[in-house]
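A quick note: this is a predicted structure, and the numbers were derived from the prediction, not measured. These values consider heavy atoms only, across backbone and side chains, with no hydrogens, waters or symmetry-generated copies.
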Amino acid sequence: MHGTTGWPVSNSSSMRPHDLSVYEKRGDGHYRGMIGYRMPVLRTSAGRAYLAFISDEERRLVVEHIRRLAVPEDLSFLEAIDMSDFLADIRAKGYATREAGEFRPSTSSIAVPVMPGGVMTACISIIWIRSALSIKEATARYVEPLMEIAERLAAAVETEQRVPFSTG
């Protein structure tokens, strides 16, 4: 997708309950250095999508863990919003956004979940420089292609999981 957008596109998944790890990032520029980077769950679009689509019990444990870590930026975010309405809105739309200031102030992002078999597994995200594109323009251009990629990835994972392992 990077070739059609010009902006970095990444795949991220949860390795620890309070952050996401960038698994792969395609694109040019300074965001290449984010591979392996741990992103805060509450302040990134991928983290928000992850929280919105995991089970209620997982979400409770993740938020509890984030509260225990007591990172000031995360605590102020938790205090500022109604988490259940916020996440319900993300689930209803099918994607999450990060518009400004919460993390990397010069950028915004959109993330969609990858859910093979209906299970939250990873997120596909696009990140761009805020001054180049509004969130409204970006969602109009990129949400549908991101969702299509996520659906194809989920279908590929489902197919792969059904193939029996052969040692011969």
Side-chain angles (χ1 to χ4, degrees), residues 1-56 58-59 62 77 81 83-161:
M1 185 170 165
H2 166 70
T4 59
T5 67
W7 299 108
V9 177
S10 66
N11 177 9
S12 51
S13 59
S14 178
M15 302 297 260
R16 301 184 302 186
H18 59 283
D19 61 23
L20 294 175
S21 181
V22 177
Y23 173 68
E24 180 180 10
K25 187 161 282 285
R26 299 282 184 196
D28 298 323
H30 61 284
Y31 291 102
R32 257 183 196 215
M34 288 181 66
I35 295 173
Y37 185 81
R38 303 258 182 220
M39 300 182 303
V41 168
L42 294 175
R43 293 175 280 126
T44 60
S45 61
R48 293 168 181 178
Y50 166 75
L51 271 182
F53 290 96
I54 58 176
S55 71
D56 291 341
E58 278 183 280
R59 185 177 315 104
V62 169
F77 184 82
I81 65 162
M83 185 64 76
S84 52
D85 286 347
F86 182 72
L87 298 175
D89 182 54
I90 292 168
R91 282 189 296 276
K93 292 186 304 188
Y95 65 92
T97 60
R98 176 184 53 85
E99 296 185 43
E102 307 99 321
F103 176 74
R104 309 251 179 193
S106 65
T107 66
S108 292
S109 62
I110 299 169
V112 300
V114 177
M115 299 182 61
V119 177
M120 178 59 180
T121 304
C123 293
I124 300 295
S125 309
I126 185 169
I127 301 167
W128 67 93
I129 304 297
R130 288 179 45 221
S131 61
L133 195 62
S134 73
I135 194 79
K136 185 177 179 177
E137 292 170 305
T139 55
R141 285 185 200 173
Y142 303 129
V143 166
E144 189 175 315
L146 285 170
M147 287 181 168
E148 289 171 7
I149 291 167
E151 288 171 12
R152 289 196 324 254
L153 285 170
V157 169
E158 288 172 5
T159 301
E160 186 66 27
Q161 289 176 348

Quick one: does [X]'s side chain have a donor or acceptor within less than 3.5 Å of a partner on [Y]'s backbone?
X: Ser45; Y: Thr97; answer: no
X: Trp128; Y: Ala138; answer: no
X: Glu158; Y: Pro116; answer: no
X: Arg59; Y: Ile54; answer: yes

Reported [atom1]-to-[atom2] distance for the pair [X] and [Y], which is rounded to 0.5 angstrom:
X: Ile149; Y: Met147; atom1: CD1; atom2: CE; result: 12.0 Å
X: Tyr95; Y: Arg48; atom1: OH; atom2: CZ; result: 13.0 Å
X: Leu153; Y: Ile124; atom1: CG; atom2: CD1; result: 5.0 Å
X: Met83; Y: Leu42; atom1: CE; atom2: CG; result: 5.0 Å
X: Ser84; Y: Asp89; atom1: OG; atom2: CG; result: 12.0 Å
X: Tyr50; Y: Thr44; atom1: OH; atom2: OG1; result: 11.5 Å

Plane angle bin for Phe77 and Phe86 - parallel if under 30°, tilted between 30 and 60°, otherwise perpendicular: perpendicular
Minimum side-chain heavy-atom gap Arg141-Leu133 below 4.5 Å: yes
So, for [X] and [Y], which heavy atoms are closest and what is the spacing to 0.1 Å?
X: Cys123; Y: Ala111; result: CB-CB, 4.4 Å
X: Met115; Y: Ala154; result: C-CB, 3.8 Å
X: Ile90; Y: Ala52; result: CG2-CB, 3.5 Å
X: Val112; Y: Leu146; result: CG2-O, 3.4 Å

Derivation of the side chain to side chain contact (heavy atoms under 4.5 Å, CB included) call for Phe53 and Thr121: CA-CA 9 Å; Phe53 290 96; Thr121 304; over 6 Å; no
Polar side chain donor-acceptor pair, Thr107 to Arg98, under 3.5 angstrom: yes
Neighbour count above 12 (heavy atom, 6.0 Å) for Glu137 CD: yes
